[in-house]
Number of protein chains: 2
Amino acid sequence: MTKHDPKLSQLFHALADPTRRSIMTRLAETPARVTDLAGPTGLRLPTVMRHLSVLEDAGLITTSKDGRIRTCTIVPEALDPMQTWLDEQRSIWESRLDRFDDYVMKIMKEREK
Amino acid sequence: MTKHDPKLSQLFHALADPTRRSIMTRLAETPARVTDLAGPTGLRLPTVMRHLSVLEDAGLITTSKDGRIRTCTIVPEALDPMQTWLDEQRSIWESRLDRFDDYVMKIMKEREK
DNA sequence: TATATAGTTAGCAACATGACTAAGCATGAT
DNA sequence: ATCATGCTTAGTCATGTTGCTAACTATATA
């Protein structure tokens, strides 16, 4: 399972940048224009544009243009694969603990003899 | 909050690579030697070493050397900040939905007049 | 129509990343 | 002591990422 999974890589990569995470947090509040998003970052517009297209390619936001204004909106479900990966990891880890418990139980029973 | 948060960036970056994720999944099962980890990847040892040090720098694994064998072990708690970030995002998103509900309620009441 | 606003495109520079090979250094087995 | 094993270091190379400026397009607004 999860042979290639480029979608997950894209997701993690998109969120590995603090600027992009702050954009995500801002957009979690409410949709915003490109210029609104650029403001707090202190970065130039083309730079912010690039960050936005990384987020959009990863499916984390959608954008639409009305007149000369582009509005960005988050896509909350886009985070689901990440949560799923986390849960899978935890699940494997926990079954490992279970196996360890089994092992300990076995040893204990051995000693009871 | 989360002004810089380089730890989170490091975490996300470390997990953005499929090789590193597969190593994590493998290590969730049980600790392993460097060579054991290299095998399935088809990559050369120095390359795998680099991946391992990225994971170790991110705090996702620890390693220890016994004789000439280095054993790698996952640090499950290292994923906590990621889960926390996800929860924070969701929380902001949900309170936004609440505010939207409030807004809708307000409109509805306006209409009742 | 002229001007400001909002975004876009192109291209550049600096640095980071992920792969490799070649060579080295301990440790364990013969 | 010699050789194989397991890892480590150093150095190279191609590509990707993040920032910039400059110049452009398209839409308001005066």
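Chain letters run A, B, ... following the sequence lines, proteins first and then strands; every chain starts at 1.
- For B:L43, the listed nucleotide lying nearest its side chain is C:dA19; candidates were C:dT8, C:dA22, C:dA19.
- Listed pair B:T47 / C:dG18 fails the phosphate criterion, with no side-chain N or O lying under 4.0 Å from OP1 or OP2.
- None of B:R20, B:M82, B:Q10 except one satisfies the side chain to side chain contact (heavy atoms under 4.5 Å, CB included) rule with B:L15; the exception is B:M82.
- Checking B:L37, B:V54, B:L43, B:V34 one by one against B:M49, the side chain to side chain contact (heavy atoms under 4.5 Å, CB included) holds for a single residue, B:V34.
- For A:L55 and D:dT18, the CG to C1' distance is 14 Å, given to the nearest whole Å.
- DNA chain D is contacted by both A:V54 and B:R33; B:R33 maps to the nucleotide lying nearer its 5′ end (nearest heavy atom per residue).
- Between A:F12 atom CZ and C:dT17 atom C1' there is a gap of 18 Å when expressed in whole angstrom units.
- For B:P46, the listed nucleotide lying nearest its side chain is D:dT9; candidates were D:dT18, D:dT9, C:dA6.
- In this structure, CG of B:L52 is placed 15 Å from P of D:dG6, rounded to the nearest angstrom.
- For the pair B:H51 NE2 and C:dC20 C1', the interatomic distance rounds to 12 Å; values are reported in whole Å.
- Between B:H13 and C:dT17 there is a side-chain N or O to OP1 or OP2 distance below 4.0 Å.
- Of the candidate nucleotides C:dT8, D:dT8, D:dG19, D:dT8 has the atom lying nearest to any side-chain atom of B:K65.
- A:E56 and A:T63 form a side-chain donor-acceptor contact under 3.5 Å, judged by distance and modelled atom types alone.
- Whole-Å rounding puts the B:D57 CG to C:dA16 C1' distance at 14 Å.
- Under 3.5 Å, the side chain of B:R68 and the base of D:dT5 form at least one donor-acceptor pair of N or O atoms.
- The side chain of B:D17 lies closest to C:dG18 when the candidates are C:dG18, D:dT9, D:dT18.
- Here the side chain of A:R44 is nearest to one of D:dC20, C:dA19, C:dT8, namely D:dC20.
- Here A:R50 lies in heavy-atom contact (under 4.0 Å) with a base.
- When the nucleotides C:dG18, C:dT21, C:dT8 are ranked by their closest atom to the side chain of A:M49, C:dT8 comes out on top.
- Atoms CD1 (A:I69) and C1' (C:dT8) sit 15 Å apart, rounded to a whole Å.
- No hydrogens or angles considered: nothing links the side chains of A:T71 and A:R33 as a donor-acceptor pair under 3.5 Å.
- Per the geometry, CG belonging to A:L45 stands 15 Å off P belonging to D:dA22, to the nearest Å.
- Note on ring orientation: taking the six-membered ring where Trp is involved, the planes of B:F12 and A:F12 are tilted (angle from 30° to 60°).
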